[in-house]
Amino acid sequence: MTETTPKDTLPPHERIAVAGLRQPASIHVDRWGIPHLRAENEHDLFLAQGFNAARDRLWQIDLWRKRGLGLLAADFGPGYLAQDRASRLFLYRGDIEAEFAAYAPDARAICEAFVAGINAYVALVEAEPARLPPEFRAMGTRPQRWAAEDVVRIRSHSLTRNALSEVIRAIILSRADLATDLLRKNLEPMKEPVRAEGLDLSTLGVEVLTQFKLATAGVTFSAERLAAPLEDWRRWTGVSDLGEVVQGAEMEGSNNWAIHGSRTESGRPILASDPHRAHAAPSLRYIVHLEAPGFNAIGAGEPGVPGISIGHNGTAAFALTIHGADQEDVYVYETAADLPRHYRHAGGFEPMEVVEERFAVKGEAEQVLELCFTRHGPVIAEDRAARRAVAIRTVWSQPGAAPYLGSLSSMRARSLAEFREALRRWGTPSVNKVYADVGGTVAWAPAGFAPQRPNWDGLLPVPGDGSHEWSGLLDPAEYPWRVDPLEGFVHSANEQNMPADWPHARKTFGYEWTEASRARRIREALTRGPLLTLADSTDLQTDVTSLPARRLCALLLSLPRGREPELWAARALLEEWDHRLEADSAAAALFEVFVTKHLKPRLLAALVPDATLRPLLLPQDMESLLRAVEQPDARLGPDPARARDALLTECLLAAFRDCEARMGVSPAEWQWGRLHQGYFSHALMGVAPEAGNLDVGPFPVGGSASTPMHTGYRPSDFRCTYGASVRLVMDVGEWDNSLCINAPGQSGDPASPHYADLAPHWARGEYVPLLYSRAAVDAMEMQRIELVPAG
């Protein structure tokens, strides 16, 4: 459904002098808050993009920069010093010219123009304090100016993998077996992880991951943390418990597809994308239109990064989802008895590189802290008594690994050949790219650095003594491609989607993927029925059909009926259910309560005798859970099928009674949306009341993490905390027909009418126009900002 009701408007016209601008430019904001930027040259276009990003998202991008560069303590005090130190461990420290050159020949020029625009807006805020966003006033801070290098040096917000999983797997395998670990994370293709000879995995604990978790965590605020004294700085990790961190890593994914014109009603390709990330106010993503002579593109990116990563350029459309390439390794070192900063490598001991970093701390003297690095990467843990150190090797240290910066090349590709060449520059995150152009071509390929491990599989920590080294990165020329397949579409949803004959051991990407229920449902929808339309793609992006529900209900409805009336009532609900997790569905509420609150914990208790291991297995792999109940084995006892049936019966009965306690005794009153609600929380909510109500929500929503409309939720209270950060459906060649939605809104300024205006439409599965032509944009323009050269 497309929503067309106009929204409140901002002042219709403004004229601003901007330092560094060479010729006049303009920002045309449509009624949905989407800015359409026009400039006479590309330098001014990217300067205008930076200026506009700061105009709409200044608090967000300023906090992003300070977190990434390790500058939080200067604004917020000693409670943020540990996070600053962890962030600096993962900054890019290599050749900066090689770094810029990795993305595009003009990447430095683009980044310089972009940050000049940000800095011009910061100067405007300084001259006109009324423009300062309320978060700065509430916290007593001010935005800082940027350098071009800031854009590319920050790595720690990228979605690489699998250091967390390696350490958790090591702990589990040292105390249990692979079958137990598979309950946490399925492996595809299935294999026994290679254990490095001579490395005792039982010596590792989750504490070795503290620095890594902290470096990749968002910024949290609490009264206690803001008031922390300097002497307590080490204990302020500012991150959730490990279970929540792992759940976040599992929930962040995406859907995309490109449909060939032979399968569409219009005869034109359709390309759709909906990346799934953590919900927050403001939104992670920002939709922007960039137009200058020779370049005209519209789509979504992250507001602190120039260009767009999802969208189209008038000739080709492109989108991405996370691909399962393993881009991290955990190295464990033996350190010298008398020289703890020396580690064994290649038969001898070599010194760590020790770097002294200076940290400004609010209310305190400047602090000088040491950072240590091995030849493989930053040291994240040291245990001198055990003579052990742990470091992480990651592609972040490579030139070209700044997240999404490869878009500076791919967004300008106007043919498949140019797109293929551009993807050679893509470093992180590892992604599935889909492509469609006005010539009718559709294509899929993975992109991103893929380290090659000649003598191990990357599934467990390894010694740092030189016995386990990367042989390099897989040449992108060897990556698989699907171009114009006979089935008429390409798609991805984070599943294991390499070709059936792919030599995984010889050309390694990885073995850890998201379970395939979303991907299977997408394929099911795209292969059925008549020719497809844009509405079919918007319907599919908001589809709440659960294939896990379909499989589990087949088991539940085959159980003996039992005598309890609640079981009869539960069966009646499920027998009439179409396995759609609609917000108003009673059966959906029963099913999700059954799975989350009863089946998962009861199944873990039955399969994993060691109760201390169970928290490490959360949130549990859905495919592994389904396999455990569809193919019960001896872990459930001498009669596995009977024990399985008893377990399912007990859980269904308990779930029905649980729903009665939560929503009333009559199932007619139950609704999944009463429990499962979308909510966009602001980092300052609860600590800065003077800034006003910054949160957005709640909104009843359907779906789950296993439906195409991804709405992953916290098991504790069912709050939907993950899902589509933005949705785009593009009519390739008739671009003004394209549709989009961002949530909760385009703006990060709580005073803007575009701060939360899109959230209700997002919750109802509605879309707004993604306009491209000047005529269409001008007809919907609600605000115009003229930018003129200063002086």
Side-chain angles (χ1 to χ4, degrees), residues 16-27 35 37-58 60-62 64-66 68-69 71 91-126 143-155 157-158 286 288-297 301-309 399-412 422 425-428 785 787-791:
I16 302 173
V18 178
L21 201 65
R22 297 171 181 172
Q23 294 175 274
S26 58
I27 303 169
L37 280 53
R38 298 171 185 171
E40 298 303 315
N41 58 78
E42 288 196 8
H43 169 272
D44 287 354
L45 180 64
F46 290 108
L47 189 149
Q49 186 184 11
F51 184 90
N52 180 73
R55 178 189 69 85
D56 244 357
R57 300 288 189 95
L58 185 58
Q60 181 186 34
I61 65 173
D62 182 74
W64 174 84
R65 173 185 173 275
K66 289 170 179 172
L69 295 178
L71 303 173
L91 284 174
Y92 176 71
R93 295 173 180 270
D95 182 340
I96 199 65
E97 293 310 319
E99 167 68 2
F100 278 118
Y103 306 110
D106 56 354
R108 176 182 271 282
I110 289 173
C111 290
E112 287 176 346
F114 183 75
V115 303
I118 295 174
N119 294 340
Y121 192 82
V122 171
L124 181 64
V125 166
E126 292 170 346
Q144 292 182 349
R145 284 169 169 75
W146 292 47
E149 290 80 2
D150 297 345
V151 177
V152 299
R153 291 182 64 216
I154 299 171
R155 305 298 212 224
H157 65 298
S158 181
Y286 188 69
V288 65
H289 185 181
L290 306 169
E291 181 182 355
F295 178 63
N296 188 356
E302 296 190 356
V305 177
I308 59 171
S309 55
Y404 304 105
L405 256 293
S407 297
L408 295 182
S409 288
S410 60
M411 71 179 183
R412 294 185 276 188
R425 295 179 177 271
W426 192 278
T428 68
I785 303 170
L787 307 180
V788 297

[X] [atom1] to [Y] [atom2] distance, which is reported to the nearest 0.5 Å:
X      : Y      : atom1 : atom2 : result
Leu408 : Phe46  : CG    : CZ    : 6.5 Å
Ile27  : Leu787 : CD1   : CG    : 4.5 Å
Ile308 : Leu290 : CD1   : CG    : 6.5 Å
Leu45  : Glu291 : CG    : CD    : 8.5 Å
Tyr121 : Ile16  : OH    : CD1   : 7.0 Å

For a quick test of reading the model, state the closest non-hydrogen atom pair linking [X] to [Y] and the distance between them.
X      : Y      : result
Asp150 : Arg145 : OD2-O, 4.5 Å
Val151 : Gly304 : CG1-O, 4.3 Å
Pro399 : Tyr92  : CG-OH, 3.5 Å
Val115 : Ala148 : CG2-N, 3.7 Å
Pro24  : Pro789 : N-CD, 4.0 Å
Ala19  : Leu47  : O-CD1, 4.1 Å

Would you say [X]'s side chain and [Y]'s backbone share a donor-acceptor pair under 3.5 angstrom?
X      : Y      : result
Ser309 : Gly301 : no
Asp44  : Gln23  : yes
Asn41  : Pro293 : no
Asn119 : Trp146 : yes
Asn52  : Gln49  : no

Results of side chain to side chain donor-acceptor pair (under 3.5 Å) for [X] - residues two or more places apart only:
X      : answer
Asp106 : Arg412
Asp56  : Tyr286, Ser747
Glu302 : none

Is there a side-chain contact between [X] and [Y] (heavy atoms, below 4.5 Å)?
X      : Y      : result
Ile110 : Tyr103 : no
Trp426 : Ser409 : no
Ile61  : Ile118 : yes
Leu71  : Arg65  : yes
Ile785 : Arg55  : yes
Leu37  : Phe51  : no

The complete set of salt bridge (charged side-chain N to carboxylate O under 4.0 Å, His left out) pairs with one or both residues in residues 108-120, sequence neighbours excluded, reads Glu97-Arg108, Arg108-Glu112, Arg108-Glu149

Can you give the donor-acceptor pairs under 3.5 Å from side chains of residues 400-407 to other protein atoms, not counting sequence neighbours?
unit_1: Tyr404; atom_1: OH; unit_2: Arg277; atom_2: NH1; d: 3.4
unit_1: Tyr404; atom_1: OH; unit_2: Arg285; atom_2: NH2; d: 3.3
unit_1: Ser407; atom_1: OG; unit_2: Tyr404; atom_2: O; d: 2.9

Of Arg153, Arg425, Arg155, the one forming a salt bridge (charged side-chain N to carboxylate O under 4.0 Å, His left out) with Glu99 is Arg155

Residues at least two apart in sequence or cross-chain that pass ring-ring contact (aromatic ring centres under 6.0 Å, His included) with His43, listed by chain then number, are none

